[in-house]
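I have placed the structure first, in the form of structure tokens, so that the comments after it can refer back to it.
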There are 2 protein chains.
Amino acid sequence: MNQPCPQHAHPRRLVQQPLSDLTARLRAQSRKITGPRQAILDVLRSHAIPLTNRQIHHALGKSDCDLATIYRTMHTLLEMGLVRRCDFGDGTARFELSDADDPRHHHHLVCRVCNIVVEIDACLPPQLEADLALRHGFSQIAHHLQFFGVCPRCKEHPDAADPAGLPGRPGPRREP
Amino acid sequence: MNQPCPQHAHPRRLVQQPLSDLTARLRAQSRKITGPRQAILDVLRSHAIPLTNRQIHHALGKSDCDLATIYRTMHTLLEMGLVRRCDFGDGTARFELSDADDPRHHHHLVCRVCNIVVEIDACLPPQLEADLALRHGFSQIAHHLQFFGVCPRCKEHPDAADPAGLPGRPGPRREP
DNA sequence: GATGGATTTGCAAATGGATTGCATCTTCGG
DNA sequence: CCGAAGATGCAATCCATTTGCAAATCCATC
């Protein structure tokens, strides 16, 4: 860790997680493979950035399932470790796939103006959490880290709106 | 930065910010020095950890001012740079003093079980954000970083409840 | 295949943080 | 001391998220 992103634009990740894996995991907890759950996972698979529940709901379109179902499903998937939760500080949870085969730890760089999201792998020095554990007596230490800035495009055109085209977040945020 | 906390228990910081400073800043923006604002700042001064608006409201007790006023005041203080906003991932904003004389950048280590908060100064390697800016073309990069773990006390007594004694957050959170 | 029971879903209502409109009250420069 | 700008209280509202409950769906088993 600690070295910055190897490429300017990090390649989008379109995970093809084998259904069998999901099936096995669900079975193991006497949970069921339902239409909504598969549809939701499909949506997550086809997007490379974290989505809000509302965005997922919107993306589902016709095969519409209830928002409450999406909320419940995300809880389930979180518990099962199939998704990861991201917090961009705007009061709305976002979720991205955390495929079991490649549970790659990473963070995000979010444009304060247009909300575009770039996935990065820069991270904390690995020994830092161990030091914290030692000094404060805490165990099971994990961290949340996100970066905010102004993307090159918004630096150029300070009036452009959400090019990410993702619903669910109106204007710029109020983060420092 | 990057070196961990110099002490096991970071000394609580009870800032005595000169009122004159506040006065000057408020005047400079044609804002007024009101009872509620002073009371809110007093509450923040007497607490060493970030507080939710509800906690502030509760702490105000008799000199009760409306919750809405607290929300508005925090916006104002944020804009003025007198407070800093913290996000512990539970959907509630927290605020701590960011005294102008010592706008020390720091982060928090939060116990997942009892919510106790420890202030730490471990941080990212300084060049990391510069690298990000360079590689992704972003400018004005800042970061949000928080640590979660299980405090020594909760490791011992897995049933203890909120020893911090702070209202506003019921049980443990659902963070990874 | 058909079936029963546990799990899920849809719907609607409720919860909780945060924001806002508006009339009234305060603060503070003059 | 006065008046206007700015603040506050109150109530209504917004939005993300959660929850109760009856109906629908899965799936292990027959």
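Proteins get letters first, then strands, A, B, ... in listed order; numbering begins at 1 in each.
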Review point. Of A:R94, A:Q146, A:E96, which is the lone residue that meets side chain to side chain donor-acceptor pair (under 3.5 Å) with A:H108?
Key: A:E96
Point to revise | Distance, rounded to the nearest Å, where A:Y71 contributes OH and D:dC15 contributes P | key: 12 Å
Check your understanding: D:dA7 P sits how many Å from B:L41 CG, rounded?
Key -> 14 Å
Study note, to complete from the structure: The residue among A:L51, A:L77, A:L78 that forms side-chain contact (heavy atoms from CB on, under 4.5 Å) with A:F95 is A:L78
Point to revise | Atom-to-atom span, CD of A:Q55 to P of D:dT17 - whole angstrom | key: 11 Å
Check your understanding: Using a cut-off of 4.0 Å between protein heavy atoms and nucleotide atoms, how would you tag nucleotides 1-11 of chain C 5' to 3' with B, S and -?
Key -> ----BBBSBBB
Check your understanding: Are the side chain of B:T69 and the backbone of B:C65 linked by a donor-acceptor contact shorter than 3.5 Å?
Key -> no
Check your understanding: Just how far, in rounded Å, is C1' of D:dC26 from CD of A:Q38?
Key -> 11 Å
Check your understanding: Got a donor-acceptor contact below 3.5 angstrom from the B:R37 side chain to the B:K32 backbone?
Key -> yes
Exercise for review: Provide, to the nearest angstrom, the distance between the CD1 atom belonging to B:I33 and the P atom belonging to C:dT27.
Suggested key: 10 Å
Check your understanding: To the nearest Å, how far apart are B:M74 CE and D:dA7 P?
Key -> 15 Å
Check your understanding: Can you tell me how far P of D:dA16 sits from CZ of A:F88, to the nearest Å?
Key -> 16 Å
Check your understanding: Do the side-chain N or O atoms of B:H75 get closer than 4.0 angstrom to the phosphate oxygens (OP1, OP2) of C:dA18?
Key -> no
Exercise for review: Begin with the C-alpha distance, continue with both residues' side-chain angles, and end with the deciding distance and a verdict on side-chain hydrogen bond (donor to acceptor under 3.5 Å, both in side chains) for B:D64 and B:H57.
Suggested key: CA-CA 7 Å; B:D64 206 316; B:H57 184 244; 3.0 Å; yes
Check your understanding: Relative to the ring of B:F88, is the ring of B:F148 parallel (under 30°), tilted (30 to 60°) or perpendicular (over 60°)?
Key -> perpendicular
